*Asks:* 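Let me begin by handing over the structure; questions about it come next.
Since the model is a prediction, treat every value here as computed from it, not as a measurement.
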Amino acid sequence: MNKKPIKRNENILKLSKEHHFSLLFCWKIRQGLKNETASNRIILYVQYFSTHFLMPHFREEEDFLFALLDDTKVEKATEHHKVINSLIAELSNDNEINSRELLQKIANMVEEHIRYEERELFPYLEKKLSDDQLEVIGKQLMEENTILGKDEYQDEFWIKK
């Protein structure tokens with residue numbers, strides 16, 4: 001099956017690029033788990049990534065993109081954000097087995113959420129929103145000046161040594 005890359009409106013392309021970065025986050029969690037890295041090392045990374053990248057990304061989506069449309073597709077994405085935040089808030093170093101299960105759940109939920117937004121929600125929003133609305137969103141996203149792709153986290157727990 002030959003899949004063509006998704007063509008994204010240039011005004012929300014930044015969000016799609018951030019999604020790619022978040023998929024790499026999921027991969028790192030899974031690699032750490034696969035390599036039997038101590039949960040506390042992975043948890044520290046999840047907390048770092050959440051604070052520096054994931055939460056600002058969610059805020060951008062909710063404030064600039066989702067705020068323009070009140071319907072079930074947007075509500076589903078907003079609910080995903082709440083679930084992901086809740087899962088991350090549950091992380092602790094208390095129980096290794098529970099932490100590992102929770103880390104896997106976080107990686108799965110973030111990936112599921114990104115796939116939903118990229119395959120369903122964003123194409124839907126590109127059709128529903130006017131060119132002028134998308135242009136305003138694009139300007140707002142550029143003014144935010146959040147740059148993803150520079151993950152300078154020092155502990156590369158996902159690399160098997």
Side-chain angles (χ1 to χ4, degrees), residues 1 3 5-6 8 12-126 128 137 141 144 146-161:
M1 187 163 140
K3 284 190 176 184
I6 297 171
R8 186 65 59 230
I12 59 173
L13 189 58
K14 177 182 184 276
L15 296 173
S16 284
K17 287 180 180 180
E18 291 172 356
H19 285 162
H20 174 75
F21 192 53
S22 295
L23 288 173
L24 184 57
F25 161 76
C26 298
W27 178 84
K28 289 175 181 179
I29 292 171
R30 291 180 178 128
Q31 283 301 113
L33 293 171
K34 178 180 163 190
N35 295 339
E36 298 183 6
T37 303
S39 294
N40 63 326
R41 290 176 63 197
I42 304 171
I43 289 168
L44 288 173
Y45 176 68
V46 170
Q47 292 166 336
Y48 161 85
F49 189 87
S50 174
T51 300
H52 291 90
F53 302 105
L54 208 52
M55 295 312 113
H57 173 81
F58 287 173
R59 188 187 51 73
E60 286 178 343
E61 287 181 335
E62 291 172 10
D63 290 352
F64 305 139
L65 188 59
F66 299 171
L68 298 174
L69 216 57
D70 183 23
D71 70 12
T72 56
K73 288 187 181 291
V74 170
E75 287 173 17
K76 180 176 178 178
T78 303
E79 187 57 34
H80 283 176
H81 289 179
K82 289 176 186 170
V83 169
I84 292 165
N85 284 330
S86 175
L87 290 172
I88 291 170
E90 284 181 46
L91 283 174
S92 72
N93 296 325
D94 297 349
N95 183 320
E96 184 76 11
I97 294 170
N98 288 344
S99 294
R100 296 183 82 72
E101 289 174 6
L102 191 52
L103 287 164
Q104 185 64 54
K105 194 182 261 190
I106 290 167
N108 292 345
M109 186 65 206
V110 170
E111 182 177 2
E112 176 186 326
H113 170 66
I114 291 166
R115 300 295 183 208
Y116 169 71
E117 285 188 347
E118 286 296 322
R119 293 175 181 163
E120 293 181 45
L121 183 60
F122 281 15
Y124 170 76
L125 292 173
E126 287 170 331
K128 293 290 268 187
I137 292 165
L141 290 171
E144 276 300 292
T146 53
I147 300 171
L148 288 185
K150 289 198 170 210
D151 182 353
E152 297 173 355
Y153 194 74
Q154 297 300 310
D155 180 8
E156 295 180 328
F157 64 85
W158 54 89
I159 298 174
K160 191 167 189 165
K161 296 178 183 179

*Asks:* Do I42 and K28 have side chains that approach each other closer than 4.5 Å (heavy atoms only, starting at C-beta)?
*Replies:*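 With C-beta onward as the side chain, the pair stays apart.
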*Asks:* Please evaluate residues N108 and E112 with respect to the criterion side chain to side chain donor-acceptor pair (under 3.5 Å), reporting the C-alpha separation (whole Å), side-chain torsions for both, the decisive distance (0.1 Å), and the verdict.
*Replies:* CA-CA 6 Å; N108 292 345; E112 176 186 326; over 6 Å; no
*Asks:* Which distance, rounded to the nearest 0.5 Å, do you find between the CD of E61 and the CG of L121?
*Replies:*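 It is 8.0 Å, given to the nearest 0.5 Å.
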*Asks:* Any side-chain heavy atom of L91 within less than 4.5 Å of one from I106?
*Replies:*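 Side-chain contact under 4.5 Å: yes.
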*Asks:* Is there a side-chain contact between L15 and F122 in this structure, where contact means two heavy atoms from C-beta onward sitting under 4.5 Å apart?
*Replies:*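 In contact.
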*Asks:* Side chains of E111 and R115: does their closest heavy-atom pair fall under 4.5 Å?
*Replies:*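 Result yes, sub-4.5 Å side-chain heavy-atom pair found.
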*Asks:* Taking atom NZ of K14 and atom NE2 of H19, what is their separation to the nearest 0.5 Å?
*Replies:* 10.5 Å
*Asks:* Does the ring center of F53 lie less than 6.0 Å from the ring center of H57?
*Replies:* no
*Asks:* May I ask you to decide if Q154's main-chain N or O and E156's side chain share a donor-acceptor pair within less than 3.5 Å?
*Replies:*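 Side chain of E156 to backbone of Q154: no pair is present.
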*Asks:* Rounded to the nearest 0.5 Å, how far does CD of E101 lie from CG of L103?
*Replies:*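 The CD atom of E101 is 10.5 Å from CG of L103, to the nearest 0.5 Å.
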*Asks:* Output yes when R8 and E118 qualify as a salt bridge under the 4.0 Å nitrogen-oxygen rule, no when they do not.
*Replies:*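 Result for this pair is yes, salt bridge flagged.
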*Asks:* Looking only at the aromatic ring of each residue, does the gap between the centers of Y153 and F25 stay below 6.0 angstrom?
*Replies:* no
*Asks:* When rounded to the nearest 0.5 angstrom, what distance separates CG in L54 from CG in N85?
*Replies:*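 Answer rounded to 0.5 Å: 7.0 Å.
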*Asks:* Looking at CD of Q31 and CD1 of I29, how far apart are the two atoms once the value is rounded to the nearest 0.5 Å?
*Replies:* 11.5 Å
*Asks:* Do any pairs count as a salt bridge (charged side-chain N to carboxylate O under 4.0 Å, His left out) and have a residue in residues 68-89, sequence neighbours left out, and if so which ones?
*Replies:*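 Listed once each, the pairs would be none.
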*Asks:* Quick one: are H80 and E117 in side-chain contact, heavy atoms under 4.5 Å?
*Replies:*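 Contact flag for H80/E117 side chains = no.
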*Asks:* Could you give the distance from NZ (K17) to NE2 (H20), rounded to the nearest 0.5 Å?
*Replies:*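 Nearest 0.5 Å value for the NZ-NE2 distance: 11.0 Å.
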*Asks:* H81 versus H113: any side-chain heavy-atom pair under 4.5 Å?
*Replies:*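 Contact flag for H81/H113 side chains = yes.
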*Asks:* Hey, does the side chain of T37 reach the backbone of F157 with a donor-acceptor pair shorter than 3.5 angstrom?
*Replies:*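 Judged by distance alone, yes, a pair lies under 3.5 Å.
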*Asks:* Please walk me through it: do F64 and L141 pass side-chain contact (heavy atoms from CB on, under 4.5 Å)?
*Replies:* CA-CA 8 Å; F64 305 139; L141 290 171; 3.7 Å; yes
*Asks:* Does any non-hydrogen side-chain atom of L68 lie less than 4.5 Å from one of I137?
*Replies:* yes
*Asks:* Identify the two heavy atoms, one from I114 and one from S22, that lie closest to each other, and give their separation to 0.1 Å.
*Replies:*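 Answer, listing the atom of I114 first, then S22: CD1-CB, 3.4 Å.
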*Asks:* Can you tell if the side chain of V74 reaches within under 4.5 Å of the side chain of L125, non-hydrogen atoms only?
*Replies:* yes
*Asks:* Using every non-hydrogen atom in the two residues, find where P56 and S50 come nearest and quote the distance to one decimal.
*Replies:*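 Minimum heavy-atom contact is CD-O, 3.9 Å.
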*Asks:* So that I can tick it off, tell me whether E90 and K105 are bridged by a salt bridge, with the cut-off set at under 4.0 angstrom between side-chain N and carboxylate O.
*Replies:*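 Salt bridge: no.
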